[in-house]
2 protein chains.
Amino acid sequence: MVDVAKRAGVSLKTVSRVVNGSPQVQPELADRVHAAIAELGFRRNHLASALRSGQLTATVGLLIEEIANPFYATIAGVVAETAREHDTLLFTASSEEDPVREELLLRDLCARRVDGLIVVPAGYDHGFLRSEVERGLPVVFLDRPGGGLVADTVLLDNRGGTRAGVERLLAGGHRRIAVLLDSVGVYTMRERLAGAQEALAAAGIPYDPTLVREGVKDPATAAAVVAELSDVDAYVCLNNRITVGALQELVRRGGDAELLGFDDFELSYLMPRPFTVIAYDPKELARRAADLLFARIAGDETWPRTEVLPTHLIERGLR
Amino acid sequence: MVDVAKRAGVSLKTVSRVVNGSPQVQPELADRVHAAIAELGFRRNHLASALRSGQLTATVGLLIEEIANPFYATIAGVVAETAREHDTLLFTASSEEDPVREELLLRDLCARRVDGLIVVPAGYDHGFLRSEVERGLPVVFLDRPGGGLVADTVLLDNRGGTRAGVERLLAGGHRRIAVLLDSVGVYTMRERLAGAQEALAAAGIPYDPTLVREGVKDPATAAAVVAELSDVDAYVCLNNRITVGALQELVRRGGDAELLGFDDFELSYLMPRPFTVIAYDPKELARRAADLLFARIAGDETWPRTEVLPTHLIERGLR
DNA sequence: GCGTCTTGTGACAACGTTGTCAGCCCCGCG
DNA sequence: CGCGGGGCTGACAACGTTGTCACAAGACGC
């Protein structure tokens with residue numbers, strides 16, 4: 001900027017005014033400055049600008065589990081689009097479900113002075129963000145509640161969705177119902193399991209521990225578990241990776257066991273067998289979180305909110 | 001930092017040394033400083049640090065078409081992971097195939113003083129980046145070549161892949177072959193079309209313009225085009241959205257026309273009908289671009305490279 | 001012709017941090 | 001006892017920008 005000022009024969013401050021579109025500059029000078037900027041290829045340093053003016057950095061951070069996962073990719077897409085509507089750039093980072101990594105990344109984002117954070121929590125304690133939040137950093141938790149911190153939260157109706165799905169299975173006369181889940185360490189899995197449990201208990205089905213399978217981490221494991229549990233009326237899969245594995249095994253084996261899966265997925269309507277998904281709108285989930293965040297950034301200082309998004313049942317697959 | 005210094009009864013500089021882990025500080029003083037940092041909840045401002053030290057910002061930018069698209073999501077995942085390995089944070093931005101938006105976003109990223117850029121080009125002229133590149137900003141173009149700028153580029157063997165696929169169709173005795181593509185305005189489409197054309201011309205098949213359908217933007221259009229072209233031996237779909245639409249129509253209609261699609265996609269092995277995909281490893285594509293970028297950031301000043309990734313044919317779908 | 005206001009411009013300090021360098025103290029050596 | 005050197009510490013300036021304020025020049029009213 002100093003070089004531009006010298007070249008245009010004006011002061012530093014006048015260049016600053018021109019760069020910031022201040023109207024208080026004579027057109028003739030402004031032209032000289034613009035010419036000098038073009039000749040020297042000057043680009044204003046947004047970092048220095050934000051530092052001096054103490055204003056917002058026009059940057060937000062999104063911390064998710066894994067960008068490559070289509071669910072999180074959809075979320076990232078919506079958040080990126082909302083950010084762009086607010087002329088804001090987006091940092092994207094993946095925790096890979098590692099709380100240590102989560103904390104490191106969040107601290108790093110804070111060090112970059114982001115204007116706000118959207119976080120899909122991996123860990124249980126986000127108290128390390130408290131001092132930032134107290135200084136006015138808006139944080140929105142997405143998909144799962146954060147720990148040790150009062151902040152806006154946007155969740156799915158995991159419990160109600162699974163309950164409704166299992167109730168439909170029960171209404172269809174099914175009694176021997178297996179539940180496959182990843183890990184009860186994950187909030188969404190606990191809630192979904194609780195929903196299934198509520199429906200089964202309400203129907204008077206006795207608890208059979210052999211029908212609840214935890215630790216189903218991937219489609220291959222899901223297929224193996226389904227193969228092993230062959231005398232079952234219906235399989236409830238608490239996420240879509242599990243659903244896909246179960247589906248593959250049921251297609252291989254044949255038969256008419258029912259399949260209920262949490263999360264819809266791409267091309268589910270083309271799967272070679274009917275099944276039911278507990279679906280929701282991931283875009284709406286992300287949109288709410290992003291809107292909440294930018295409302296906070298714009299100065300909304302009402303009490304922290306928790307929003308819960310409904311789910312609904314959809315029949316999928318070719319019949 | 002001033003407050004921390006006062007509280008710990010040391011100078012500003014000593015706090016700076018402690019924060020940066022300089023060994024030249026007496027343990028006793030360092031402890032006092034650490035205590036003050038904890039009490040005040042001090043977090044070093046990375047922006048100011050980068051400004052003063054003139055060093056790298058430990059930030060890179062990734063500009064893709066659309067994060068929500070699984071192909072780009074995979075790329076973003078690999079780039080994010082590589083960035084993390086280099087303790088670098090990642091800006092992700094979507095051009096939505098709009099060259100104007102692309103330029104705005106890239107300029108904005110430069111204003112944030114990113115250490116490097118990975119760009120999936122939307123526009124044809126990236127000359128506006130020249131002054132940055134001349135000042136040492138590394139830029140890597142991914143999936144398509146950039147325009148008006150000499151820079152590292154990582155591409156797919158679009159032409160060779162399609163040629164090999166069509167040659168296989170020809171070897172299978174197919175002669176009436178339709179080609180469905182999005183827009184010849186897109187580099188990858190032009191290359192893939194050229195590959196198909198090379199194979200067909202080499203086999204002496206006369207050019208039939210009614211069998212080359214441009215403007216197939218989505219699965220629904222693809223399905224409609226396939227429905228219309230019912231007297232065809234084989235359909236060549238130049239991206240996976242087109243493949244999915246064609247597949248749906250072929251499943252509906254039945255028959256034994258061959259289907260060849262560029263790009264593999266998730267769950268393709270579960271599709272209710274056999275077909276062939278021209279596949280490649282999108283992670284490898286991204287990994288190469290990211291490695292190239294970080295090598296440049298680390299000081300690699302060899303001539304700009306263009307790397308071309310091979311493709312291969314895979315049989316998909318249930319038989 | 002004088003004071004006052006408006007408009008445009010620039011000098012200077014400051015944002016939060018780090019590089020440079022000077023200075024202090026203490027040790028060991030001749 | 002004096003001197004050189006190493007180990008720590010701090011004062012100060014600087015990174016690139018903008019806020020504050022002062023000032024100059026012209027317009028206006030009386």
Side-chain angles (χ1 to χ4, degrees), chain A residues 1-34 36-37 40-59 107-115 131-132 135-137, chain B residues 1-34 36-37 40-59 107-115 131-132 135-137:
Chain A
M1 212 149 132
V2 175
D3 298 339
V4 172
K6 279 193 190 129
R7 180 134 192 162
V10 298
S11 80
L12 192 58
K13 183 67 208 184
T14 298
V15 178
S16 171
R17 275 189 266 257
V18 171
V19 167
N20 290 294
S22 163
Q24 319 232 60
V25 178
Q26 281 196 340
E28 187 208 341
L29 282 194
D31 288 348
R32 289 221 309 269
V33 170
H34 278 129
I37 286 175
L40 297 172
F42 167 82
R43 297 284 158 85
R44 171 232 223 151
N45 184 331
H46 183 273
L47 275 52
S49 169
L51 175 61
R52 170 63 240 232
S53 66
Q55 288 165 5
L56 300 176
T57 54
T59 301
R107 282 183 188 275
D108 207 353
L109 288 165
C110 290
R112 256 61 168 213
R113 295 298 187 266
V114 293
D115 299 335
S131 62
E132 316 286 343
R135 274 176 231 173
L137 178 76
Chain B
M1 212 147 136
V2 175
D3 298 340
V4 172
K6 277 192 191 134
R7 180 135 192 161
V10 299
S11 80
L12 192 57
K13 183 66 209 184
T14 297
V15 177
S16 171
R17 274 190 267 257
V18 171
V19 167
N20 289 294
S22 163
Q24 319 232 61
V25 179
Q26 281 195 338
E28 187 207 342
L29 281 193
D31 289 347
R32 290 222 307 269
V33 170
H34 278 129
I37 287 176
L40 297 171
F42 167 82
R43 297 283 158 86
R44 169 228 222 157
N45 185 330
H46 185 272
L47 276 52
S49 169
L51 174 62
R52 168 63 239 232
S53 67
Q55 287 165 6
L56 300 175
T57 55
T59 300
R107 282 184 188 276
D108 207 354
L109 288 165
C110 290
R112 254 75 167 201
R113 295 300 187 265
V114 292
D115 299 335
S131 61
E132 316 286 343
R135 274 176 231 174
L137 177 76

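These figures come from a predicted structure and were not determined experimentally.
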Roughly how far, to the nearest 0.5 Å, is CG of B:Leu47 from OG1 of B:Thr57? 8.5 Å
Give the minimum heavy-atom separation between B:Ala30 and B:Val25, together with the two atoms involved. N-CG1, 3.9 Å
Flag, side chain of A:Ser49 to backbone of A:Asn45, donor-acceptor distance under 3.5 Å: no
Please report the end-to-end axis angle for the helix from C:dG1-D:dC30 to C:dG30-D:dC1, five pairs per end, rounded to 10 degrees. 50°
B/S/- along nucleotides 10-19 of chain C (protein heavy atoms under 4.0 Å) is BB-BBBBBBB
Does a side-chain N-to-carboxylate-O contact under 4.0 Å join B:Arg112 and B:Asp108? yes
Please tell me if A:Gln26 has a side-chain N or O lying less than 4.0 Å from either OP1 or OP2 of C:dT9. yes
In short, A:Phe42 meets A:Met1 closest at the heavy-atom pair CE1-N, 3.6 Å
Any idea which heavy atoms bring A:Arg113 and B:Arg43 closest together, and the distance? NH2-O, 2.9 Å
Side-chain donor/acceptor of B:Asp115 to backbone N/O of B:Ala58, under 3.5 Å: yes
What pairs with A:Arg32 under side-chain contact (heavy atoms from CB on, under 4.5 Å), at least two apart in sequence or on another chain? A:Ala8, A:Val10, A:Glu28, A:Leu29
